[in-house]
Protein chains: 2
Amino acid sequence: MDEYTPAQVAEATGFSLDTLRYYEKEGLIGPVERTVGGRRRYRSSDLAWLDLIKCLRDTGMPIADLKRYSRLSEDDSTLAERFALLEAHDRVVQAEIDRLRERQHRLHEKMAWYREQLGG
Amino acid sequence: MDEYTPAQVAEATGFSLDTLRYYEKEGLIGPVERTVGGRRRYRSSDLAWLDLIKCLRDTGMPIADLKRYSRLSEDDSTLAERFALLEAHDRVVQAEIDRLRERQHRLHEKMAWYREQLGG
DNA sequence: CTGCAAGCTGGAGTGCGCTCCAGCTCAAGC
DNA sequence: GCTTGAGCTGGAGCGCACTCCAGCTTGCAG
């Protein structure tokens, strides 16, 4: 019924319970609904948002930027700004991929040298 | 003449002076030669080694692994082990690249959504 | 009704990889 | 000889992103 316990969300998103609470405290996710007893009850919209957060975190976006993106998302008039933020992040990610591939090339050269020493 | 001051090495490798000293203290680089007055004098072999360290660090190899690789490099009979270490690292790097590309794909989808919202 | 797992809060602690600092020595130029 | 800047050491501090903990409350299972 579109309701999830913290444990289920942790399972689904890969974030730990502590991390979920930390993100909420930091404002990366808006205040999550609570049951009468005070327990968190997440909705599928929260899951979708957390999936995006995960994507951005996994690609190295710092918490501070995520916080900014999150604040912007509360205001409908900030679409362009949010888009610009993602665009900038995309460039960072692309640069990181390029850098890794370049370094990997060096690494392969070194490995070729070892192969030569070992068997060739 | 194959001798470099710390400042020159920092310039050449992109490591800070503090980082160079830290790496030496941690054993990532063997004790660097000293002048009579006690100042470090690096050789081009040190530069080559530091370049490799840089490549490995930039691709995310932790200091502890680098330490191990460095210790192994002192013993000629460990070629195979060192090769295995690099091979394992290469797999990690490849996985990281793949993961980044996958996430970037999601990011592009999100950006496409924004473009649609913004201008049609 | 009881037991026990799950969840709550605020705050302290952790791991990594540096980075900074004080107080000193050394060396090259004038 | 003096100044100035580069370098030295040991150790403290930092930023980030969690992670752990104590002490408590909640709520389902039997």
Side-chain angles (χ1 to χ4, degrees), chain A residues 1 3-43 46-47 49-50 52-70 89 92-93 96 99 103, chain B residues 1 3-43 46-47 50 52-70 89 92 96 99 103:
Chain A
M1 277 171 73
E3 299 202 329
Y4 306 87
T5 65
Q8 287 169 331
V9 174
E11 169 70 23
T13 62
F15 290 125
S16 76
L17 293 171
D18 271 319
T19 298
L20 288 172
R21 288 193 281 257
Y22 167 67
Y23 282 1
E24 191 177 344
K25 188 154 53 178
E26 290 296 303
L28 263 59
I29 43 185
V32 174
E33 286 179 39
R34 302 298 181 109
T35 65
V36 206
R39 271 86 200 282
R40 287 176 182 80
R41 213 76 332 161
Y42 295 84
R43 300 306 196 95
D46 293 320
L47 282 194
W49 177 249
L50 281 166
L52 179 56
I53 297 286
K54 180 135 196 78
C55 171
L56 296 174
R57 273 301 294 134
D58 279 1
T59 49
M61 184 180 283
I63 299 292
D65 291 13
L66 246 3
K67 218 181 272 191
R68 177 153 176 272
Y69 183 73
S70 181
H89 182 60
V92 170
V93 173
E96 173 69 7
R99 216 173 42 78
R103 301 300 194 183
Chain B
M1 279 167 72
E3 299 201 330
Y4 305 87
T5 65
Q8 287 170 331
V9 174
E11 169 70 22
T13 61
F15 290 124
S16 74
L17 293 171
D18 272 319
T19 298
L20 288 172
R21 288 194 281 258
Y22 166 67
Y23 283 0
E24 191 177 343
K25 187 155 52 177
E26 291 295 305
L28 264 59
I29 43 185
V32 174
E33 286 179 38
R34 302 298 182 110
T35 64
V36 206
R39 271 87 202 286
R40 287 178 182 79
R41 213 70 341 157
Y42 295 83
R43 301 305 196 95
D46 294 320
L47 282 194
L50 282 166
L52 180 56
I53 297 286
K54 181 137 195 75
C55 171
L56 296 174
R57 273 302 292 135
D58 279 1
T59 48
M61 184 181 282
I63 299 292
D65 292 12
L66 246 3
K67 218 181 271 192
R68 176 152 177 271
Y69 183 73
S70 182
H89 183 60
V92 170
E96 173 69 8
R99 216 174 42 77
R103 301 298 193 184

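Keep in mind it's a predicted model, so treat the numbers as computed, not measured.
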Point to revise | Opening and closing nucleotides of DNA chain D in contact with chain A, under 4.0 Å to non-hydrogen atoms | key: D:dA17 to D:dG27
Check your understanding: Between the side-chain atoms of B:D18 and the base atoms of C:dC20, is any donor-acceptor pair under 3.5 Å?
Key -> yes
Exercise for review: Heavy atoms under 4.0 Å is the rule here; annotate nucleotides 23-30 of chain C 5' to 3' with B where the base is hit, S where only the sugar-phosphate is, and - elsewhere.
Suggested key: --BBS---
Review point. Within this structure, what is the CD-to-C1' distance between A:Q8 and C:dA6, rounded to whole angstrom?
Key: 12 Å
**Study point:** Euclidean distance, atom CZ of residue B:R21 to atom C1' of C:dT19 [Å, nearest integer]
**Key:** 10 Å
Check your understanding: Which heavy-atom pair separates A:L20 from A:I29 by the least distance, and what is that distance?
Key -> O-CD1, 3.8 Å
Check your understanding: Do A:D46 and A:V9 pass the side-chain contact (heavy atoms from CB on, under 4.5 Å) test, and can you show the C-alpha distance, the side-chain angles, and the key distance before you say yes or no?
Key -> CA-CA 9 Å; A:D46 293 320; A:V9 174; over 6 Å; no
Check your understanding: Across the strands shown, which category fits B:F15 at heavy-atom distances under 4.0 angstrom: base, sugar-phosphate, nothing?
Key -> nothing
Point to revise | DNA chain D contacts among residues 25-32 of chain A, heavy-atom distance under 4.0 Å | key: none
Check your understanding: So which heavy atom on A:S70 is nearest to which on A:L28, and how close?
Key -> OG-O, 3.2 Å
**Study point:** Salt bridge B:E96-B:R99, side-chain N to carboxylate O under 4.0 Å
**Key:** yes
Exercise for review: Identify whether the distance between the nearest side-chain nitrogen and carboxylate oxygen of B:R21 and B:D18 falls below 4.0 Å.
Suggested key: yes
Review point. So how far is it from A:E3 CD to A:Q8 CD, rounded to the nearest 0.5 Å?
Key: 10.0 Å
Point to revise | Shortest non-hydrogen contact from B:P62 toward B:R57 | key: CA-NH1, 4.1 Å
Study note, to complete from the structure: For A:T59 and A:L56, the nearest pair of non-hydrogen atoms, with its separation, is OG1-O, 2.9 Å
Review point. In Å and rounded to the nearest 0.5 Å, what is the CD to CG distance from B:E24 to B:L50?
Key: 9.5 Å
Check your understanding: Mind checking what makes salt bridge (Lys or Arg N to Asp or Glu O under 4.0 Å) contact with A:E33, not counting sequence neighbours?
Key -> A:R43
Exercise for review: Identify whether any heavy atom of B:R34 sits under 4.0 Å from a base atom; if not, whether one sits that close to sugar-phosphate; answer base, sugar-phosphate or nothing.
Suggested key: sugar-phosphate
**Study point:** Close approaches to DNA chain D from residues 53-70 of chain A, in residue order (heavy atom, under 4.0 Å)
**Key:** A:R57, A:P62, A:I63
Check your understanding: Between B:Y23 and B:F15, what is the ring plane arrangement, given parallel below 30°, perpendicular above 60°, and tilted in between?
Key -> perpendicular
Check your understanding: Among all residues two or more places apart in sequence or in another chain, which pass the ring pair (Phe, Tyr, Trp, His ring centres under 6.0 Å) test with A:Y4?
Key -> none
Check your understanding: Can you name the closest pair of heavy atoms from B:H89 and B:G60 and give their distance?
Key -> CE1-C, 4.3 Å
